[in-house]
Asker: 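First, the structure itself, so that you have it in front of you.
In what follows, chains are A, B, ... by sequence order, proteins preceding strands, each numbered from 1.
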Number of protein chains: 2
Amino acid sequence: MKKLCEDIANAIGNAIRGYIGADGGERILYMGADGTPTAMIDDVAERAALHVLKNDGRSLRLVSEEMGDVILGTNPEFDIVLDPLDGTYNALRGIPFYSVSIAIGKNDLSQIYYGYVKNLVTGDVYAAERDRGAFLNGEKIRVSTRKDTDAYCASIYGCAFARDFLNQNGKKVRLLGSAALELCYVASQKLDAFLDVRSRLRVTDVAAGKLIVEEAGGVVTDDFGVQLNNPLTIKERVNIMASNGRIHDDLLARLREWNK
Amino acid sequence: MKKLCEDIANAIGNAIRGYIGADGGERILYMGADGTPTAMIDDVAERAALHVLKNDGRSLRLVSEEMGDVILGTNPEFDIVLDPLDGTYNALRGIPFYSVSIAIGKNDLSQIYYGYVKNLVTGDVYAAERDRGAFLNGEKIRVSTRKDTDAYCASIYGCAFARDFLNQNGKKVRLLGSAALELCYVASQKLDAFLDVRSRLRVTDVAAGKLIVEEAGGVVTDDFGVQLNNPLTIKERVNIMASNGRIHDDLLARLREWNK
(Lines give C-alpha, C1' and ligand atoms only; values in the text may rest on other atoms or scores of the structure.)
Protein backbone atom coordinates (compact mmCIF):
# COMPACT_ATOMS: atom_id res chain seq x y z
CA MET A 1 0.00 0.00 0.00
CA LYS A 2 2.79 2.35 0.94
CA LYS A 3 4.55 1.75 -2.38
CA LEU A 4 1.35 2.42 -4.34
CA CYS A 5 0.78 5.68 -2.43
CA GLU A 6 4.36 6.80 -3.01
CA ASP A 7 4.03 6.13 -6.74
CA ILE A 8 0.81 8.13 -6.91
CA ALA A 9 2.27 11.04 -4.93
CA ASN A 10 5.43 11.16 -7.04
CA ALA A 11 3.45 11.09 -10.27
CA ILE A 12 1.25 13.96 -9.07
CA GLY A 13 4.23 15.97 -7.84
CA ASN A 14 5.88 15.70 -11.24
CA ALA A 15 2.68 16.42 -13.16
CA ILE A 16 1.81 19.68 -11.42
CA ARG A 17 5.29 21.17 -11.22
CA GLY A 18 4.83 23.51 -14.19
CA TYR A 19 1.60 24.96 -12.79
CA ILE A 20 2.83 26.12 -9.37
CA GLY A 21 2.40 29.88 -8.97
CA ALA A 22 2.16 30.20 -12.75
CA ASP A 23 -0.53 31.24 -15.20
CA GLY A 24 -2.64 28.62 -16.95
CA GLY A 25 -3.22 26.14 -14.13
CA GLU A 26 -6.27 27.99 -12.89
CA ARG A 27 -8.17 27.62 -16.19
CA ILE A 28 -11.50 25.89 -15.48
CA LEU A 29 -12.03 22.79 -17.61
CA TYR A 30 -15.33 21.36 -16.38
CA MET A 31 -17.53 20.96 -13.31
CA GLY A 32 -16.05 18.28 -11.06
CA ALA A 33 -17.94 15.45 -9.39
CA ASP A 34 -17.61 17.27 -6.05
CA GLY A 35 -19.73 20.11 -7.46
CA THR A 36 -16.89 22.62 -7.71
CA PRO A 37 -15.11 23.72 -10.90
CA THR A 38 -12.14 21.60 -11.95
CA ALA A 39 -9.08 23.65 -12.75
CA MET A 40 -6.39 22.52 -15.18
CA ILE A 41 -4.01 21.75 -12.32
CA ASP A 42 -6.58 19.49 -10.60
CA ASP A 43 -7.24 17.61 -13.80
CA VAL A 44 -3.53 17.11 -14.45
CA ALA A 45 -3.03 15.80 -10.90
CA GLU A 46 -5.95 13.39 -11.06
CA ARG A 47 -4.94 11.98 -14.45
CA ALA A 48 -1.44 11.30 -13.15
CA ALA A 49 -2.90 9.35 -10.22
CA LEU A 50 -5.31 7.41 -12.41
CA HIS A 51 -2.47 6.43 -14.74
CA VAL A 52 -0.53 4.92 -11.84
CA LEU A 53 -3.59 3.03 -10.57
CA LYS A 54 -4.42 1.59 -14.01
CA ASN A 55 -0.82 0.45 -14.48
CA ASP A 56 -0.88 -1.16 -11.04
CA GLY A 57 -3.76 -3.27 -12.30
CA ARG A 58 -5.55 -4.10 -9.03
CA SER A 59 -9.30 -3.91 -9.03
CA LEU A 60 -10.54 -1.19 -6.72
CA ARG A 61 -13.13 1.49 -6.21
CA LEU A 62 -11.70 5.01 -6.52
CA VAL A 63 -13.36 8.02 -4.91
CA SER A 64 -11.65 11.12 -6.25
CA GLU A 65 -12.38 14.83 -6.13
CA GLU A 66 -13.01 15.51 -9.82
CA MET A 67 -14.07 12.14 -11.27
CA GLY A 68 -16.20 11.09 -8.35
CA ASP A 69 -16.72 7.33 -7.82
CA VAL A 70 -15.05 5.04 -10.38
CA ILE A 71 -14.65 1.25 -10.43
CA LEU A 72 -11.33 -0.03 -11.81
CA GLY A 73 -11.32 -3.68 -12.86
CA THR A 74 -14.18 -6.05 -12.23
CA ASN A 75 -13.89 -7.14 -8.62
CA PRO A 76 -12.91 -4.24 -6.32
CA GLU A 77 -10.84 -5.36 -3.33
CA PHE A 78 -10.93 -2.03 -1.49
CA ASP A 79 -11.75 1.68 -1.77
CA ILE A 80 -9.16 4.39 -2.42
CA VAL A 81 -10.22 7.85 -1.31
CA LEU A 82 -8.06 10.36 -3.12
CA ASP A 83 -7.56 14.08 -3.09
CA PRO A 84 -4.98 14.46 -5.86
CA LEU A 85 -4.24 18.06 -4.85
CA ASP A 86 -5.43 19.39 -1.51
CA GLY A 87 -4.74 23.12 -1.43
CA THR A 88 -5.26 23.82 -5.13
CA TYR A 89 -5.59 27.54 -4.53
CA ASN A 90 -2.30 27.69 -2.64
CA ALA A 91 -0.53 25.81 -5.41
CA LEU A 92 -1.89 28.17 -8.06
CA ARG A 93 -0.88 31.26 -6.08
CA GLY A 94 2.54 29.89 -5.15
CA ILE A 95 1.76 29.66 -1.41
CA PRO A 96 3.93 26.72 -0.35
CA PHE A 97 1.32 24.57 1.40
CA TYR A 98 -0.44 21.83 -0.60
CA SER A 99 -0.55 18.08 -0.51
CA VAL A 100 -1.85 14.81 -1.88
CA SER A 101 -4.13 12.77 0.38
CA ILE A 102 -4.73 9.03 -0.10
CA ALA A 103 -6.80 6.78 2.16
CA ILE A 104 -7.51 3.09 1.79
CA GLY A 105 -10.51 1.37 3.36
CA LYS A 106 -14.05 0.19 2.82
CA ASN A 107 -17.58 1.63 3.00
CA ASP A 108 -17.22 4.58 5.37
CA LEU A 109 -14.79 6.90 7.19
CA SER A 110 -14.66 4.65 10.26
CA GLN A 111 -13.24 1.78 8.18
CA ILE A 112 -10.17 3.49 6.74
CA TYR A 113 -7.14 1.33 7.54
CA TYR A 114 -4.34 3.18 5.75
CA GLY A 115 -3.77 6.91 5.44
CA TYR A 116 -1.04 8.73 3.52
CA VAL A 117 -0.54 12.49 3.12
CA LYS A 118 2.44 13.97 1.34
CA ASN A 119 3.39 17.64 1.62
CA LEU A 120 4.23 18.35 -2.01
CA VAL A 121 6.40 21.34 -1.09
CA THR A 122 8.70 19.88 1.56
CA GLY A 123 8.31 16.21 0.58
CA ASP A 124 7.30 15.30 4.14
CA VAL A 125 5.21 12.11 4.29
CA TYR A 126 2.65 11.52 7.05
CA ALA A 127 1.30 7.95 7.17
CA ALA A 128 -0.67 5.73 9.49
CA GLU A 129 -1.85 2.15 9.50
CA ARG A 130 -4.75 1.20 11.76
CA ASP A 131 -3.49 0.15 15.22
CA ARG A 132 0.15 0.58 14.18
CA GLY A 133 0.66 4.28 15.00
CA ALA A 134 1.30 7.39 12.90
CA PHE A 135 4.58 8.41 11.33
CA LEU A 136 6.27 11.44 9.80
CA ASN A 137 9.02 10.33 7.40
CA GLY A 138 9.17 7.03 9.27
CA GLU A 139 9.46 8.58 12.75
CA LYS A 140 6.62 7.96 15.16
CA ILE A 141 4.52 11.07 15.92
CA ARG A 142 2.18 11.99 18.79
CA VAL A 143 -0.34 14.78 19.24
CA SER A 144 0.50 17.65 21.61
CA THR A 145 -0.30 17.53 25.32
CA ARG A 146 -1.65 21.08 25.71
CA LYS A 147 -4.77 21.36 27.85
CA ASP A 148 -7.78 23.69 27.92
CA THR A 149 -6.10 26.18 30.18
CA ASP A 150 -2.91 26.43 28.12
CA ALA A 151 -2.27 28.54 25.10
CA TYR A 152 -3.24 26.62 22.05
CA CYS A 153 -3.22 26.95 18.31
CA ALA A 154 -5.97 25.75 16.00
CA SER A 155 -7.12 25.94 12.41
CA ILE A 156 -10.74 27.03 12.60
CA TYR A 157 -12.85 27.30 9.46
CA GLY A 158 -16.38 28.59 9.48
CA CYS A 159 -17.31 29.69 12.97
CA ALA A 160 -17.26 32.99 14.76
CA PHE A 161 -15.22 31.99 17.74
CA ALA A 162 -12.12 31.94 15.56
CA ARG A 163 -12.30 35.71 15.95
CA ASP A 164 -12.23 35.49 19.74
CA PHE A 165 -9.11 33.38 19.45
CA LEU A 166 -7.45 36.11 17.39
CA ASN A 167 -7.99 38.57 20.21
CA GLN A 168 -7.03 36.39 23.16
CA ASN A 169 -3.48 36.22 24.32
CA GLY A 170 -2.09 32.74 24.07
CA LYS A 171 -4.64 31.36 21.65
CA LYS A 172 -3.76 31.42 17.98
CA VAL A 173 -5.55 30.74 14.73
CA ARG A 174 -3.91 29.62 11.55
CA LEU A 175 -5.70 29.18 8.22
CA LEU A 176 -3.23 27.41 5.98
CA GLY A 177 -5.51 26.17 3.22
CA SER A 178 -4.99 22.40 3.02
CA ALA A 179 -7.26 20.41 5.37
CA ALA A 180 -5.38 17.14 4.81
CA LEU A 181 -2.10 18.74 5.81
CA GLU A 182 -3.60 20.71 8.70
CA LEU A 183 -4.91 17.42 10.13
CA CYS A 184 -1.36 16.04 9.90
CA TYR A 185 -0.19 19.17 11.73
CA VAL A 186 -2.50 18.19 14.60
CA ALA A 187 -1.02 14.68 14.54
CA SER A 188 2.52 16.07 14.75
CA GLN A 189 2.05 18.78 17.42
CA LYS A 190 2.28 21.74 15.06
CA LEU A 191 -1.37 22.53 15.78
CA ASP A 192 -3.51 21.51 18.75
CA ALA A 193 -6.77 21.34 16.82
CA PHE A 194 -8.38 21.55 13.40
CA LEU A 195 -11.98 22.49 12.98
CA ASP A 196 -14.05 22.94 9.81
CA VAL A 197 -17.79 23.39 10.26
CA ARG A 198 -18.66 24.94 6.92
CA SER A 199 -20.31 21.78 5.53
CA ARG A 200 -17.85 22.13 2.70
CA LEU A 201 -15.25 19.42 3.15
CA ARG A 202 -15.47 16.05 1.38
CA VAL A 203 -14.40 12.60 2.54
CA THR A 204 -11.49 12.97 0.12
CA ASP A 205 -10.12 15.89 2.21
CA VAL A 206 -10.20 14.15 5.57
CA ALA A 207 -10.13 10.34 5.18
CA ALA A 208 -6.34 9.98 5.45
CA GLY A 209 -5.81 12.79 7.95
CA LYS A 210 -8.47 11.43 10.30
CA LEU A 211 -6.69 8.08 10.68
CA ILE A 212 -3.32 9.83 11.05
CA VAL A 213 -4.62 12.02 13.91
CA GLU A 214 -6.25 9.04 15.64
CA GLU A 215 -3.14 6.88 15.34
CA ALA A 216 -1.10 9.77 16.78
CA GLY A 217 -3.33 9.65 19.89
CA GLY A 218 -5.76 12.41 18.93
CA VAL A 219 -9.54 12.53 18.73
CA VAL A 220 -11.64 13.16 15.61
CA THR A 221 -15.39 13.76 15.65
CA ASP A 222 -18.03 15.76 13.86
CA ASP A 223 -19.08 19.17 15.23
CA PHE A 224 -21.35 17.50 17.82
CA GLY A 225 -18.67 15.24 19.22
CA VAL A 226 -19.93 12.15 17.36
CA GLN A 227 -17.62 9.68 15.59
CA LEU A 228 -17.37 10.21 11.82
CA ASN A 229 -18.78 7.40 9.71
CA ASN A 230 -19.69 9.21 6.51
CA PRO A 231 -19.99 6.91 3.49
CA LEU A 232 -17.04 7.03 1.09
CA THR A 233 -18.69 8.93 -1.70
CA ILE A 234 -17.89 12.28 -3.23
CA LYS A 235 -21.43 13.58 -2.68
CA GLU A 236 -21.00 13.50 1.09
CA ARG A 237 -20.23 16.69 3.08
CA VAL A 238 -18.23 16.50 6.29
CA ASN A 239 -17.93 18.74 9.34
CA ILE A 240 -14.93 17.82 11.42
CA MET A 241 -13.24 18.57 14.71
CA ALA A 242 -9.82 17.03 15.26
CA SER A 243 -7.72 17.68 18.34
CA ASN A 244 -5.09 16.34 20.68
CA GLY A 245 -8.01 15.03 22.76
CA ARG A 246 -7.35 17.18 25.82
CA ILE A 247 -8.97 20.32 24.40
CA HIS A 248 -11.77 18.51 22.55
CA ASP A 249 -14.48 19.16 25.14
CA ASP A 250 -13.48 22.81 25.44
CA LEU A 251 -13.82 23.26 21.68
CA LEU A 252 -17.15 21.42 21.58
CA ALA A 253 -18.46 23.66 24.37
CA ARG A 254 -17.39 26.80 22.50
CA LEU A 255 -19.09 25.53 19.39
CA ARG A 256 -22.33 24.77 21.27
CA GLU A 257 -22.21 28.25 22.78
CA TRP A 258 -21.78 29.77 19.34
CA ASN A 259 -24.61 27.69 17.80
CA LYS A 260 -27.13 28.82 20.42
CA MET B 1 22.72 48.05 3.00
CA LYS B 2 21.88 44.79 1.25
CA LYS B 3 25.09 43.18 2.51
CA LEU B 4 24.41 44.28 6.08
CA CYS B 5 20.87 42.87 5.91
CA GLU B 6 22.13 39.59 4.49
CA ASP B 7 24.68 39.27 7.27
CA ILE B 8 22.01 39.91 9.91
CA ALA B 9 19.58 37.43 8.35
CA ASN B 10 22.23 34.72 8.04
CA ALA B 11 23.35 35.19 11.63
CA ILE B 12 19.75 34.90 12.86
CA GLY B 13 19.05 31.86 10.68
CA ASN B 14 22.05 30.06 12.14
CA ALA B 15 21.31 31.12 15.72
CA ILE B 16 17.72 29.86 15.85
CA ARG B 17 18.22 26.57 13.99
CA GLY B 18 18.29 24.43 17.13
CA TYR B 19 15.03 25.86 18.43
CA ILE B 20 12.74 25.16 15.46
CA GLY B 21 9.85 22.86 16.42
CA ALA B 22 11.85 21.79 19.48
CA ASP B 23 11.41 22.14 23.24
CA GLY B 24 13.21 24.92 25.09
CA GLY B 25 12.88 27.82 22.68
CA GLU B 26 9.52 28.85 24.13
CA ARG B 27 10.90 29.43 27.62
CA ILE B 28 10.09 33.02 28.64
CA LEU B 29 13.15 34.98 29.71
CA TYR B 30 11.85 38.47 30.41
CA MET B 31 9.25 41.01 29.34
CA GLY B 32 10.28 42.58 26.03
CA ALA B 33 10.24 46.27 25.16
CA ASP B 34 7.18 45.65 22.99
CA GLY B 35 5.23 44.64 26.10
CA THR B 36 5.03 40.95 25.22
CA PRO B 37 7.07 38.14 26.83
CA THR B 38 10.43 37.44 25.21
CA ALA B 39 10.98 33.76 24.53
CA MET B 40 14.42 32.17 24.42
CA ILE B 41 14.26 31.92 20.61
CA ASP B 42 13.52 35.68 20.28
CA ASP B 43 16.41 36.57 22.56
CA VAL B 44 18.81 34.33 20.63
CA ALA B 45 17.72 35.89 17.32
CA GLU B 46 18.07 39.46 18.56
CA ARG B 47 21.50 38.90 20.09
CA ALA B 48 22.73 37.43 16.80
CA ALA B 49 21.55 40.56 14.97
CA LEU B 50 23.06 42.92 17.53
CA HIS B 51 26.41 41.14 17.28
CA VAL B 52 26.49 41.74 13.51
CA LEU B 53 25.56 45.41 13.92
CA LYS B 54 28.21 46.03 16.58
CA ASN B 55 30.87 44.37 14.43
CA ASP B 56 29.79 46.48 11.46
CA GLY B 57 30.60 49.53 13.57
CA ARG B 58 28.37 52.15 11.99
CA SER B 59 26.53 54.46 14.33
CA LEU B 60 22.79 53.96 14.11
CA ARG B 61 19.56 53.88 16.04
CA LEU B 62 18.15 50.36 16.37
CA VAL B 63 14.45 49.75 17.01
CA SER B 64 14.03 46.08 17.82
CA GLU B 65 11.20 43.96 19.18
CA GLU B 66 12.71 42.88 22.49
CA MET B 67 15.30 45.57 23.32
CA GLY B 68 13.25 48.52 22.15
CA ASP B 69 15.13 51.63 21.03
CA VAL B 70 18.93 51.49 21.28
CA ILE B 71 21.62 53.90 20.02
CA LEU B 72 24.78 52.27 18.68
CA GLY B 73 27.81 54.56 18.46
CA THR B 74 27.68 58.29 19.07
CA ASN B 75 26.30 59.83 15.91
CA PRO B 76 23.46 57.77 14.41
CA GLU B 77 23.30 58.02 10.60
CA PHE B 78 19.97 56.21 10.21
CA ASP B 79 17.37 54.04 11.94
CA ILE B 80 17.19 50.27 11.59
CA VAL B 81 13.78 48.81 12.37
CA LEU B 82 14.24 45.13 13.09
CA ASP B 83 12.03 42.17 13.80
CA PRO B 84 14.65 39.47 14.39
CA LEU B 85 12.04 36.70 14.18
CA ASP B 86 8.60 37.43 12.78
CA GLY B 87 6.42 34.35 13.31
CA THR B 88 7.99 33.19 16.58
CA TYR B 89 5.06 30.94 17.36
CA ASN B 90 5.31 29.20 13.98
CA ALA B 91 9.02 28.63 14.46
CA LEU B 92 8.49 27.13 17.91
CA ARG B 93 5.75 24.81 16.67
CA GLY B 94 7.60 23.81 13.51
CA ILE B 95 5.12 25.50 11.14
CA PRO B 96 7.36 26.46 8.21
CA PHE B 97 6.52 30.16 7.92
CA TYR B 98 8.71 32.69 9.73
CA SER B 99 11.05 35.46 8.70
CA VAL B 100 13.41 38.26 9.62
CA SER B 101 12.32 41.80 8.76
CA ILE B 102 14.76 44.71 8.45
CA ALA B 103 13.92 48.26 7.41
CA ILE B 104 16.20 51.25 7.09
CA GLY B 105 15.02 54.83 7.27
CA LYS B 106 14.48 57.82 9.50
CA ASN B 107 11.84 59.16 11.89
CA ASP B 108 8.64 57.46 10.75
CA LEU B 109 7.13 54.74 8.56
CA SER B 110 6.77 57.09 5.58
CA GLN B 111 10.55 57.62 5.47
CA ILE B 112 11.73 54.03 5.14
CA TYR B 113 14.03 53.80 2.12
CA TYR B 114 15.18 50.18 2.23
CA GLY B 115 13.20 47.07 3.16
CA TYR B 116 14.44 43.49 3.42
CA VAL B 117 12.47 40.39 4.45
CA LYS B 118 13.95 36.92 4.37
CA ASN B 119 11.83 33.79 4.60
CA LEU B 120 13.97 31.76 7.00
CA VAL B 121 12.44 28.46 5.80
CA THR B 122 12.83 28.73 2.04
CA GLY B 123 15.62 31.31 2.00
CA ASP B 124 13.59 33.57 -0.30
CA VAL B 125 14.61 37.23 -0.02
CA TYR B 126 12.16 40.07 -0.68
CA ALA B 127 13.78 43.50 -0.92
CA ALA B 128 12.92 47.00 -2.07
CA GLU B 129 14.70 50.30 -2.34
CA ARG B 130 12.62 53.49 -2.52
CA ASP B 131 11.77 54.34 -6.17
CA ARG B 132 13.78 51.38 -7.47
CA GLY B 133 11.11 48.64 -7.37
CA ALA B 134 10.66 45.46 -5.36
CA PHE B 135 12.46 42.18 -5.90
CA LEU B 136 12.18 38.52 -4.95
CA ASN B 137 15.59 36.85 -5.13
CA GLY B 138 16.69 39.59 -7.50
CA GLU B 139 13.70 39.26 -9.86
CA LYS B 140 11.33 42.20 -10.13
CA ILE B 141 7.89 41.58 -8.55
CA ARG B 142 4.49 43.21 -9.01
CA VAL B 143 1.25 43.01 -7.05
CA SER B 144 -1.67 41.07 -8.54
CA THR B 145 -4.23 42.66 -10.86
CA ARG B 146 -7.38 41.15 -9.35
CA LYS B 147 -10.30 43.54 -8.98
CA ASP B 148 -13.20 43.89 -6.55
CA THR B 149 -15.44 41.62 -8.53
CA ASP B 150 -12.89 38.84 -8.90
CA ALA B 151 -12.10 36.08 -6.51
CA TYR B 152 -9.44 37.26 -4.13
CA CYS B 153 -7.38 35.99 -1.28
CA ALA B 154 -6.45 37.99 1.80
CA SER B 155 -4.91 37.62 5.21
CA ILE B 156 -7.38 39.27 7.58
CA TYR B 157 -6.61 39.59 11.28
CA GLY B 158 -9.08 40.98 13.74
CA CYS B 159 -12.32 41.74 12.01
CA ALA B 160 -15.53 39.85 11.56
CA PHE B 161 -15.76 40.03 7.81
CA ALA B 162 -13.01 37.44 7.58
CA ARG B 163 -15.78 34.99 8.41
CA ASP B 164 -17.91 36.15 5.48
CA PHE B 165 -14.94 35.54 3.23
CA LEU B 166 -14.68 31.97 4.49
CA ASN B 167 -18.26 31.34 3.39
CA GLN B 168 -18.18 33.08 0.03
CA ASN B 169 -17.18 31.21 -3.07
CA GLY B 170 -14.13 32.68 -4.68
CA LYS B 171 -12.92 34.68 -1.70
CA LYS B 172 -10.33 33.07 0.51
CA VAL B 173 -8.73 33.85 3.84
CA ARG B 174 -5.31 32.71 4.91
CA LEU B 175 -3.81 33.28 8.36
CA LEU B 176 -0.18 32.34 8.04
CA GLY B 177 1.26 33.95 11.14
CA SER B 178 4.07 36.23 9.95
CA ALA B 179 2.91 39.76 9.04
CA ALA B 180 6.22 40.71 7.42
CA LEU B 181 6.06 37.71 5.10
CA GLU B 182 2.34 38.07 4.40
CA LEU B 183 3.03 41.64 3.24
CA CYS B 184 5.67 40.24 0.88
CA TYR B 185 3.05 37.76 -0.34
CA VAL B 186 0.89 40.73 -1.33
CA ALA B 187 3.88 42.23 -3.16
CA SER B 188 4.46 39.01 -5.10
CA GLN B 189 0.85 38.12 -6.06
CA LYS B 190 0.48 35.23 -3.64
CA LEU B 191 -2.13 37.24 -1.73
CA ASP B 192 -4.25 40.16 -2.92
CA ALA B 193 -4.45 41.88 0.46
CA PHE B 194 -3.24 41.83 4.03
CA LEU B 195 -5.23 43.42 6.82
CA ASP B 196 -4.52 43.57 10.54
CA VAL B 197 -6.80 45.80 12.61
CA ARG B 198 -6.18 44.36 16.07
CA SER B 199 -4.02 47.31 17.21
CA ARG B 200 -1.41 44.69 17.93
CA LEU B 201 1.27 45.05 15.28
CA ARG B 202 4.44 47.12 15.80
CA VAL B 203 6.45 49.18 13.34
CA THR B 204 9.00 46.35 13.48
CA ASP B 205 6.46 43.97 11.89
CA VAL B 206 5.49 46.17 8.96
CA ALA B 207 8.24 48.72 8.17
CA ALA B 208 10.05 46.59 5.56
CA GLY B 209 6.93 44.92 4.14
CA LYS B 210 5.18 48.26 3.63
CA LEU B 211 7.93 49.58 1.35
CA ILE B 212 8.12 46.25 -0.50
CA VAL B 213 4.35 46.31 -1.23
CA GLU B 214 4.49 49.96 -2.35
CA GLU B 215 7.49 49.38 -4.60
CA ALA B 216 5.66 46.39 -6.13
CA GLY B 217 2.83 48.75 -7.12
CA GLY B 218 0.51 48.12 -4.17
CA VAL B 219 -1.15 50.45 -1.70
CA VAL B 220 -0.62 50.52 2.07
CA THR B 221 -2.74 52.55 4.50
CA ASP B 222 -4.16 52.35 7.99
CA ASP B 223 -7.68 51.00 8.53
CA PHE B 224 -9.21 54.34 7.52
CA GLY B 225 -7.37 54.58 4.23
CA VAL B 226 -4.82 57.10 5.54
CA GLN B 227 -1.08 56.87 4.78
CA LEU B 228 0.99 55.33 7.58
CA ASN B 229 3.46 57.67 9.24
CA ASN B 230 3.82 56.10 12.68
CA PRO B 231 7.02 57.11 14.48
CA LEU B 232 9.74 54.47 14.50
CA THR B 233 9.48 53.42 18.11
CA ILE B 234 8.59 50.12 19.68
CA LYS B 235 5.78 51.63 21.78
CA GLU B 236 3.74 52.43 18.69
CA ARG B 237 0.82 50.20 17.62
CA VAL B 238 -0.11 49.92 13.96
CA ASN B 239 -3.28 48.94 12.11
CA ILE B 240 -2.60 48.22 8.48
CA MET B 241 -4.31 47.47 5.21
CA ALA B 242 -2.10 46.49 2.29
CA SER B 243 -3.44 45.49 -1.09
CA ASN B 244 -2.82 45.36 -4.80
CA GLY B 245 -4.56 48.77 -4.94
CA ARG B 246 -7.50 47.62 -7.04
CA ILE B 247 -9.41 46.07 -4.13
CA HIS B 248 -8.38 48.66 -1.55
CA ASP B 249 -11.63 50.67 -1.67
CA ASP B 250 -13.73 47.51 -1.48
CA LEU B 251 -11.88 46.41 1.65
CA LEU B 252 -12.14 49.85 3.24
CA ALA B 253 -15.89 49.87 2.56
CA ARG B 254 -16.30 46.43 4.18
CA LEU B 255 -14.35 47.59 7.18
CA ARG B 256 -16.46 50.76 7.53
CA GLU B 257 -19.61 48.63 7.28
CA TRP B 258 -18.29 46.33 10.01
CA ASN B 259 -17.28 49.22 12.29
CA LYS B 260 -20.78 50.76 12.18
Asker: Please state whether the side chain, the backbone, both or neither of Leu191(A) comes within less than 4.5 Å of a heavy atom of chain B.
Answerer: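 It is both, since atoms from each part get that close.
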Asker: How would you list, by chain and number, every residue that makes a ring-ring contact (aromatic ring centres under 6.0 Å, His included) with Tyr126(B), sequence neighbours excluded?
Answerer: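 Once residues adjacent in sequence are excluded, Tyr126(B) has no partner under the ring-ring contact (aromatic ring centres under 6.0 Å, His included) criterion.
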Asker: Pick from Leu195(B), Asn239(B), Leu175(B): which one makes a side chain to side chain contact (heavy atoms under 4.5 Å, CB included) with Tyr157(B)?
Answerer: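 Checked Leu195(B), Asn239(B), Leu175(B) against Tyr157(B); only one passes side chain to side chain contact (heavy atoms under 4.5 Å, CB included): Leu175(B).
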Asker: Considering heavy atoms only, which positions within residues 213-224 of chain A lie below 4.5 Å of chain B?
Answerer: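 Residues in range: none.
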Asker: Taking the inter-plane angle between the rings of Phe97(B) and Tyr185(B) on a 0 to 90° scale, is it parallel (under 30°), tilted (30 to 60°) or perpendicular (over 60°)?
Answerer: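 Correct class here is perpendicular.
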Asker: Taking 4.0 angstrom as the limit, do Arg93(B) and Asp192(A) come out as a salt bridge?
Answerer: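 Asp192(A) and Arg93(B): salt-bridged.
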Asker: Quick one: ring-ring contact (aromatic ring centres under 6.0 Å, His included) partners of Tyr98(B), sequence neighbours excluded?
Answerer: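 None.
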Asker: For chain B, which of Gly177(A), Ser155(A), Ser144(A), Gly21(A) has the most heavy-atom pairs under 4.5 Å?
Answerer: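 The residue among Gly177(A), Ser155(A), Ser144(A), Gly21(A) with the greatest pair count is Gly177(A).
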Asker: According to ring-ring contact (aromatic ring centres under 6.0 Å, His included), who are the partners of Tyr116(B), at least two apart in sequence or on a separate chain?
Answerer: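 Scan of Tyr116(B) (ring-ring contact (aromatic ring centres under 6.0 Å, His included), adjacent residues dropped) gives none.
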Asker: Any chance you could measure Asn10(B), atom CG, to Leu120(B), atom CG, to the nearest 0.5 Å?
Answerer: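 One finds 9.5 Å between CG of Asn10(B) and CG of Leu120(B).
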